[in-house]
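Below is one structure, written out as structure tokens, with a few remarks after it.
Both ligands and their constituent atoms are indexed starting at 1 by order of listing.
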Amino acid sequence: MTGAEQPEEVRREVVAARRIVVKVGSSSLTTAGGGLDADRVDALVDALAKTLAARGAGEKEIVLVSSGAIAAGLAPLGLPRRPRDLARQQAAASVGQGLLVARYTASFARYGRRVGQVLLTTDDTSRRAHYRNARRTLDQLLAMGAVPVVNENDTVATDEIRFGDNDRLAALVAHLVRADLLILLSDVDGLYDGDPSIPGTSRIAEVAGEKDLEGVSIGSAGKAGVGTGGMVTKVEAARIAAAAGIPVVLTSASQAADALRGRPTGTYFHRTGRRSADRLLWLAHASTPQGALTLDEGAVRAVVEGTGSLLPAGIAAVEGEFSAGDPVELRDPAGRAVARGLVTYDAGEIPQLLGRSTRDLARELGPGYEREVVHRDDLVVLRA
Ligand SMILES: Nc1ncnc2c1ncn2[C@@H]1O[C@H](COP(=O)(O)OP(=O)(O)O)[C@@H](O)[C@H]1O
Ligand SMILES: N[C@@H](CCC(=O)OP(=O)(O)O)C(=O)O
């Protein structure tokens with residue numbers, strides 16, 4: 001066989017993927033001087049639209065998780081750089097998000113495609129009803145042939161409840177929509193074994209598990225100054241997705257088309273786990289605990305072994321200001337976090353329940369007090 005006849009080397013799982021989440025970072029959408037770079041947005045949309053239109057590859061669906069709202073809002077508001085305070089970041093995101101979606105709308109319109117804006121908060125995604133609602137909206141947009149453009153709802157998120165980085169949001173969205181593949185696009189063409197600006201570092205082509213990450217120096221600061229998490233959040237996102245059974249390609253936005261065709265660009269993270277119970281992944285990774293319950297040994301065992309819900313009798317102490325429905329941390333007697341769960345009582349109600357049996361509580365306070373404090377279906381055990 002001559003060189004010209006060699007079959008193209010492709011990643012089979014990428015080619016076979018039907019539903020794909022693509023995440024693009026601020027640094028890949030903005031100009032050096034700040035502001036949205038229309039040419040870069042168009043180039044990305046060209047790659048996505050061609051994938052959606054490709055024949056013979058089966059029906060493909062793409063959910064785009066796009067950063068860039070804050071970066072796009074800087075120049076119009078006369079801000080020379082990304083502000084540090086949340087209020088000005090939110091103002092920039094408010095102005096920038098509209099511009100960003102307008103840009104995607106115009107760019108996808110060149111291919112006759114509609115886009116739908118979806119803004120998510122952690123709160124929307126760790127509560128059962130909101131989680132189902134977010135999934136239904138995304139499924140419906142895809143069923144109607146539109147491209148969902150997802151971002152964090154920056155303007156209402158407070159510091160405490162922010163995802164803060166869209167890499168993790170993208171991993172969780174990939175899980176939410178049951179994607180077959182996650183593609184993380186940045187300004188760097190993959191994970192390097194050290195800071196890529198240092199000569200002598202080289203790209204890691206594949207990560208099959210934690211062993212392949214040993215000794216890799218993963219930096220946090222992006223040189224463009226508009227991104228947030230650097231490589232740390234990308235590798236963390238890749239870990240979350242891979243552990244949830246979703247392979248990940250990490251590469252540069254300029255190689256999006258090649259990555260989508262399955263060409264061996266960037267860094268490929270093999271899946272390391274299987275799909276896990278839906279909402280609980282969000283509970284573990286998206287939610288910020290609003291308080292903590294310290295359990296006795298028996299309750300720790302029941303929770304960790306998954307044999308029961310958390311009852312008032314097993315709780316020794318309570319901390320924090322939370323409301324029923326909020327995520328809280330469950331700790332062992334030594335103070336180590338062992339699980340996270342959605343609590344069914346307000347913080348102020350719990351002290352009177354501590355160590356008491358549900359039967360006694362029901363007799364004394366009424367039948368409403370016979371319930372568990374955290375139901376086992378709303379509970380996720382944290383890995384040590
Ligand atoms: N080991 C590494 N491999 C690749 N990039 C790294 C590494 N360590 C640090 N980085 C930096 O991370 C940056 C990407 O992160 P960031 O700027 O947050 O991107 P984005 O805006 O796309 O989310 C790269 O430009 C690079 O300078
Ligand atoms: N929600 C923020 C994005 C935060 C973020 O994760 O940015 P990046 O590191 O560029 O992916 C925005 O749209 O500006």
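- Some N or O of Asn166 is nearer than 3.5 Å to an N or O of ligand 2, by distance alone.
- Ser252 and Asp189 share no donor-acceptor pair across their side chains, judged by distance under 3.5 Å alone.
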Would you give me the side-chain donor-acceptor pairs under 3.5 Å for residues 235-243, sequence neighbours excluded?
from   : atom 1 : to     : atom 2 : distance (Å)
Glu236 : OE1    : Arg239 : NH1    : 3.4
Arg239 : NE     : Glu210 : OE1    : 3.3
Arg239 : NE     : Glu210 : OE2    : 2.7
Arg239 : NH2    : Glu210 : OE1    : 3.1

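- Every atom of ligand 1 with a heavy atom of Ser217 under 4.0 Å away is listed here by number and element: 1 (N).
- Of the N or O atoms in Asp167, none lie within a sub-3.5 Å distance of an N or O in ligand 2.
- For Arg82, no nitrogen or oxygen atom sits less than 3.5 Å from a nitrogen or oxygen atom of ligand 2, counting backbone and side chain alike.
- An N or O contact shorter than 3.5 Å is missing between Ser66 and ligand 2 by distance.
- Counting heavy atoms closer than 4.0 Å to ligand 1, residue Arg203 contributes nothing at all.
- Close approach of ligand 2 to Lys23 is summarised as follows: ligand atoms under 4.0 Å from at least one heavy atom of the residue are 8 (P), 11 (O).
- The shortest separation from a heavy atom of Ser197 to ligand 1 is not under 4.0 Å, leaving the residue out of contact.
- Distances shorter than 4.0 angstrom occur between a heavy atom of Gly68 and an atom of ligand 2.
- Close contacts of ligand 1 with Tyr192, meaning ligand atoms under 4.0 Å from a residue heavy atom, involve 1 (N), 2 (C), 3 (N), 4 (C).
- A salt bridge links Lys234 with Asp167: the closest approach of a Lys/Arg side-chain nitrogen to an acidic carboxylate oxygen falls below 4.0 angstrom.
- Residue contact check: Ser27 has heavy atoms under 4.0 Å from atoms 19 (O), 20 (P), 21 (O), 22 (O) of ligand 1.
- Around the CZ atom of Arg110, the shell of radius 6.0 Å holds more than 12 heavy atoms that belong to other residues, nucleotides or ligands.
- Close contacts between ligand 2 and Ser67 involve ligand atoms 3 (C), 5 (C), 6 (O), 7 (O), 8 (P), 10 (O), 11 (O), 13 (O) [criterion: under 4.0 Å to a heavy atom].
- For the pair Arg103 and Phe108, the cation-pi test (distance below 6.0 Å, angle within 45°) is failed.
- Residue Val24 places no N or O, backbone or side chain, under 3.5 Å from any N or O of ligand 2.
- Looking at Tyr369 and Glu364, their side chains never bring a donor and an acceptor atom within 3.5 Å of each other.
- Using a distance-only test at 3.5 Å, with no hydrogens or angles considered, a donor-acceptor pair links the side chain of Asp165 to the main chain of Arg168.
- Taking only non-hydrogen atoms, the option from Ala71, Ser26, Ser186 nearest to atom 22 (O) of ligand 1 is Ser186.
- Taking any N or O of Ile70, backbone or side chain, at least one lies under 3.5 Å from an N or O belonging to ligand 2.
- Inclusion of Ser26 in the set of residues having an N or O under 3.5 Å from an N or O of ligand 2 is warranted.
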